[in-house]
Amino acid sequence: MRSYDLIIIGSGPGGHAAALAAGRAGMTTALVESGPLGGTCLNWGCIPTKLFLGATEPIAGIRAQERLRLASGSMNVDLSALQKRKNAIVTASRKAIEQSLATVNVDLIQGRARLASPSSIIVNNGTETEYGFARLILATGSSPSFFPGMEPDHAIILDSTGLLDLTETPASLAIIGAGAIGLEMGQFWERMGTKITLIEGMDRVAPTEDPEISKVLATALKRSKWTVSTGKKVAGITAENGRAVVSLEDGTVYEADKALVAVGRKPNSEGLSLEAAHIATQGRGWIETDELLQAGENIYAIGDVNGRTLLAHAASDQGEYVIRHIQGETKEPYAPGPIPGCIYGSTEAIRTGFTAEELTNQGKEVRVSTSMLSANPICQSHGASAGLIKVVWSEGRVRGVSAAGHNVSHLITLCEVAVREGWTREKAQTIIFAHPTLDEALKQALLADQVSV
Ligand SMILES: Cc1cc2nc3c(=O)[nH]c(=O)nc-3n(C[C@H](O)[C@H](O)[C@H](O)COP(=O)(O)OP(=O)(O)OC[C@H]3O[C@@H](n4cnc5c(N)ncnc54)[C@H](O)[C@@H]3O)c2cc1C
C-alpha cells in the first residue's frame, strides 16, 4: 500500500491551498478529487458567477445613466459566447491548478475517496486502491440543499449549478432564497432581460445582514422591477406544462419559465465512511472539528464541510492553518478573527466583523457611525448614489463594518484591516484617503458622530 505524509480529499479552495502549502513544506502529499479540479468555487461558484456579473456590468451602467436622462441605449450579451468564455476560463484555471500541484510535487489521484481505517483511505475510480496516510484532510465541500417539495428536476426547477449552464435566457425566473447566491444570480439574469420574482421566507432580503443593508438592497431590487416577496414560506414547487409553479403557504402562486432554489447548502460528508475513523457529524452532516480543526486523531476537516464559514477564502485560510499546525509552526487554536464577505452585483453588500445587533446581544456597549453614499462623488458619477456605510464601535474601537451600494466590495479589505486592527477614530484621522474615491465614504463613516444603539 502506497503511503503519504498527507492525503487531502477535495481540490476546492481549501484542499488546493492545503496541498500547495504541504508540497512547499516538503511533505509527501496526495490530493484526491472525484470531479473537476477546483471544486465548487471554480466550477460552479465564485468564478462563473463573477464572470457573468462582470460581462453584464455595462448594462447596469447604461441603465444608471438612463435614470439620470443622460444616456440611452442597450447592450446585447451573447449568452452562448459567454458560456464558451466561462468554460474556457474554468478549463484554463483547472490546468493552472494541476500545474501548481505538479510544481510542488503533489500527486493528483482522480477518484472518489472514503475512509477505510483511521490511517487509510480507499479511492474508487473503476478499481479500488488503498492509500495510507500519517495525516488526512477532509476538504470535500458542500452541495445545494433543498426543503422537501422544492427538489430540482434539473430542467425547469434548477439549483445554482444548473442555472449557470443555461444556454437560453428565460423570460422569467422565480428565485427561492434571497441570500448571496439568489441575489447575485438574479442580478445577472435581470440584466439579460429576465423578469425576476424573489421569494424569501425570512422577513427581509439578505436576512443575515444588518437590517439597513437589507433595506438598501430591497429598494434597489424594486427599482429594477423585481417582484420581491419576503416573510412568506414556499409550500412547494412543481413543473407544469414546461413552467415552474411556485406555491406559497398563504395560497399565492407564482409562475415562471424557470425556478432557482437557493435555500442553503449541505455538507459533502455522505459516503466518506466517517465511522471507520470515529468521526462525528452534526446537523445535516457537518463534520465536527475541535479548536485545531481536527475531526479525529491526525484527521482534519476544513472548508464548507465543517460548516464553520461557507466561503472560499475561509476554506483556504483553514487549509493553510492546518499545514502550519502539522508542521509545528503554530500550536494555537484556529482563531481567524473577522472573515470578510461580499454580495456582488450592481448594488453590492459587504460585511466584516460584527453587526450592531450581534455585539448588543453579547452585552457590549455599542455605537454606530454612518455615511450615506449619496454625497460621494464617485457614486454620483456612476448614477448610483443609493447606499450607506455603517461602522460598528465598541469601547472606542471599530468592531464591524457593513455597507451596501455601488462597488462597495472594493472597500472590503480596508474595512477588514480597520476591524482586525481595531482602529480608533484617531487612527482613521491619520490616514490620507485619495480624492475622489469611494474610500472617502468609508473615512466619512469612520469620522461621523457615533450614536449609541
Ligand atoms: C453560486 C455560488 C457562488 C459562490 N460565490 C462565492 C464568492 O463569491 N466568494 C466566496 O468566498 N465563496 C463563494 N461561494 C462559496 C464557495 O464556492 C465555497 O465556500 C468554496 O468552494 C468551499 O471550498 P471547499 O474547498 O470547502 O469545497 P469545494 O469547493 O466544494 O470543493 C470540494 C471538492 O471535494 C470533492 N469531493 C467531494 N467528495 C469527495 C470524495 N469523496 N472524494 C474525492 N473528492 C471529493 C468535490 O468534487 C469538490 O471538488 C459560492 C458558492 C456558490 C454555489
Side-chain angles (χ1 to χ4, degrees), residues 7-19 30-54 90 94 97 108-116 121-125 131 136-145 158-165 175 177 179-188 260-274 285-287 289 293 300-320 322 339-345 348-350 409 412:
I7 294 182
I8 300 162
I9 307 178
S11 71
H16 182 217
L31 179 64
V32 189
E33 174 56 63
S34 58
L37 283 177
T40 304
C41 178
L42 172 61
N43 295 285
W44 310 284
C46 330
I47 302 307
T49 47
K50 277 40 169 209
L51 183 67
F52 281 12
L53 283 170
V90 169
R94 287 179 195 150
I97 291 176
L108 193 54
I109 301 172
Q110 199 69 40
R112 181 156 290 279
R114 66 178 193 277
L115 278 147
I121 61 161
I122 289 173
V123 178
N124 184 320
N125 48 20
Y131 297 92
L136 177 72
I137 298 179
L138 301 165
T140 51
S142 68
S143 310
S145 73
L158 304 169
D159 59 21
S160 57
T161 303
L163 193 66
L164 281 166
D165 282 340
I175 299 175
I181 293 176
L183 291 171
E184 290 184 7
M185 292 197 140
Q187 292 189 72
F188 165 70
L260 164 67
V261 186
V263 294
R265 310 272 303 170
K266 64 174 193 306
N268 294 333
S269 58
E270 257 179 37
L272 282 173
S273 300
L274 296 175
W286 307 104
I287 296 180
T289 49
L293 300 180
Y300 299 79
I302 62 168
D304 281 13
V305 77
N306 68 24
R308 287 175 178 237
T309 308
L310 275 59
L311 287 170
H313 41 280
S316 331
D317 187 62
Q318 292 174 19
E320 285 161 6
V322 164
I339 298 170
C342 306
I343 301 173
Y344 297 85
E348 299 188 321
I350 59 166
S409 66
I412 187 67

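Remember, it's 1-based here, ligands and their atoms both numbered in the order they're listed.
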Colleague: Of all the non-hydrogen atoms in the protein, which one sits nearest to atom 1 (C) of ligand 1, and at what distance?
Modeller: Trp44 O, 3.6 Å
Colleague: For atom 53 (C) of ligand 1, what's the nearest protein heavy atom and its distance?
Modeller: Arg265 NH1, 3.4 Å
Colleague: Below 4.0 Å from ligand 1: does a non-hydrogen atom of Gly111 turn up there or not?
Modeller: yes
Colleague: Return the closest protein heavy atom for atom 18 (C) of ligand 1 as residue, atom name and distance.
Modeller: Asp304 OD2, 3.4 Å
Colleague: Please could you name the atoms of ligand 1 that Gly303 approaches to less than 4.0 Å, counting only its heavy atoms?
Modeller: 26 (O)
Colleague: Within ligand 1, which atoms have a heavy atom of Ala139 less than 4.0 Å away?
Modeller: 32 (C), 33 (C), 34 (O)
Colleague: Could you go step by step and tell me if Val90 and Leu51 meet the side-chain contact (heavy atoms from CB on, under 4.5 Å) rule?
Modeller: CA-CA 10 Å; Val90 169; Leu51 183 67; over 6 Å; no
Colleague: Can you find a heavy atom in the side chain of Leu31 that is under 4.5 Å from one in the side chain of His16?
Modeller: no
Colleague: List the closest protein heavy-atom neighbour of atom 15 (C) of ligand 1: residue, atom name, distance to the nearest 0.1 Å.
Modeller: Leu310 O, 3.9 Å
Colleague: My understanding is that only one of Asp304, Asn306, Thr40 makes a side chain to side chain donor-acceptor pair (under 3.5 Å) with Ser142; could you say which?
Modeller: Asp304
Colleague: Could you check atom 25 (O) of ligand 1 against the protein and tell me its nearest heavy-atom contact, residue, atom and distance included?
Modeller: Gly14 N, 2.9 Å
Colleague: Distance to 0.1 Å, residue and atom name: give those for the protein heavy atom nearest to atom 4 (C) of ligand 1.
Modeller: Cys46 N, 3.5 Å
Colleague: Using a 3.5 Å cut-off on N or O atoms only, is Ile9 in polar contact with ligand 1?
Modeller: no
Colleague: With atoms numbered from 1 as shown, which atoms in ligand 1 lie under 4.0 angstrom from a non-hydrogen atom of Ser34?
Modeller: 36 (N), 39 (C), 43 (C), 44 (N), 45 (C), 47 (O)
Colleague: Should you measure from each heavy atom of Gly39, which atoms of ligand 1 turn up under 4.0 Å away?
Modeller: 29 (O), 31 (O), 48 (C), 49 (O)
Colleague: How close do Pro48 and Asn43 get, counting heavy atoms only, and between which atoms?
Modeller: CG-O, 3.5 Å
Colleague: Determine, stepwise, if the pair Leu108 / Leu37 fulfils side-chain contact (heavy atoms from CB on, under 4.5 Å).
Modeller: CA-CA 10 Å; Leu108 193 54; Leu37 283 177; 3.7 Å; yes
Colleague: Can you sort out which atoms of ligand 1 are near Ser142, meaning under 4.0 Å from one of its heavy atoms?
Modeller: 30 (O)
Colleague: Hey, is ligand 1 close enough to Ser160 that some N/O pair sits below 3.5 Å?
Modeller: no
Colleague: For ligand 1, which is the ligand I care about here, please tell me if Leu311 has any N or O atom under 3.5 Å from one of the ligand's N or O atoms.
Modeller: yes
Colleague: Applying a heavy-atom cut-off of 4.0 Å, say which part of Lys50 lies close to ligand 1: side chain, backbone, both or neither.
Modeller: side chain
Colleague: How far apart are the closest heavy atoms of Leu138 and Val305, and which atoms are they?
Modeller: O-CG1, 3.8 Å
Colleague: If only atom types and distance count, is the side chain of His313 paired as donor or acceptor with the main-chain N or O of Pro340 below 3.5 Å?
Modeller: yes
Colleague: Considering only non-hydrogen protein atoms, determine which one is nearest to atom 21 (O) of ligand 1 and report residue, atom name and distance to 0.1 Å.
Modeller: Cys41 N, 3.3 Å
Colleague: Of all heavy-atom pairs between Gly341 and Leu311, which one has the smallest distance, and what is that distance?
Modeller: CA-CD1, 4.3 Å
Colleague: Taking N or O atoms only and a 3.5 Å limit, does Asn268 qualify as a polar contact for ligand 1?
Modeller: no
Colleague: Is the side chain of Ser273 donor-acceptor paired with the backbone N or O of Arg114 at a distance under 3.5 Å, no angle test?
Modeller: no
Colleague: Return yes if some donor-acceptor pair links the side-chain N/O of Gln110 with the main-chain N/O of Glu33 below 3.5 Å, else return no.
Modeller: yes
Colleague: Can you list the ligand 1 atoms lying under 4.0 Å from a non-hydrogen atom of Gly12?
Modeller: 25 (O), 29 (O), 31 (O)
Colleague: Is the shortest side-chain heavy-atom distance between Leu274 and Ser269 below 4.5 Å?
Modeller: yes
Colleague: Go through ligand 1 atom by atom and flag the ones less than 4.0 Å from a non-hydrogen atom of Ile181.
Modeller: 1 (C), 2 (C), 52 (C), 53 (C)
Colleague: Testing the basics here: between Gln187 and Leu53, what is the closest heavy-atom pair and its distance to 0.1 Å?
Modeller: CB-CD2, 4.1 Å
Colleague: Indicate yes or no: does an N/O atom of Ala312 lie under 3.5 Å from an N/O atom of ligand 1?
Modeller: yes
Colleague: Between ligand 1 and Thr40, is the shortest N or O to N or O distance under 3.5 Å?
Modeller: yes
Colleague: Checking contacts here: is it the side chain or the backbone of Asn43 that comes within 4.0 Å of ligand 1, counting heavy atoms only? Could be both or neither.
Modeller: neither
Colleague: How close does the nearest protein non-hydrogen atom get to atom 41 (N) of ligand 1, and which residue and atom is it?
Modeller: Ala113 O, 3.0 Å
Colleague: Taking the side chain as every heavy atom from C-beta outward, state whether Leu136 and Leu115 have any pair of such atoms under 4.5 Å apart.
Modeller: yes
Colleague: Side chain or backbone, does Glu33 bring an N or O within less than 3.5 Å of an N or O on ligand 1?
Modeller: yes
Colleague: Using a strict 4.0 Å cut-off to heavy atoms of Gly141, name the atoms of ligand 1 that fall inside it.
Modeller: 26 (O), 27 (O), 28 (P), 30 (O), 32 (C)
Colleague: Are the side chain of Ser11 and the backbone of Gly38 linked by a donor-acceptor contact shorter than 3.5 Å?
Modeller: yes
Colleague: For a quick test of reading the model, state the closest non-hydrogen atom pair linking Tyr344 to Glu184 and the distance between them.
Modeller: N-OE2, 3.0 Å
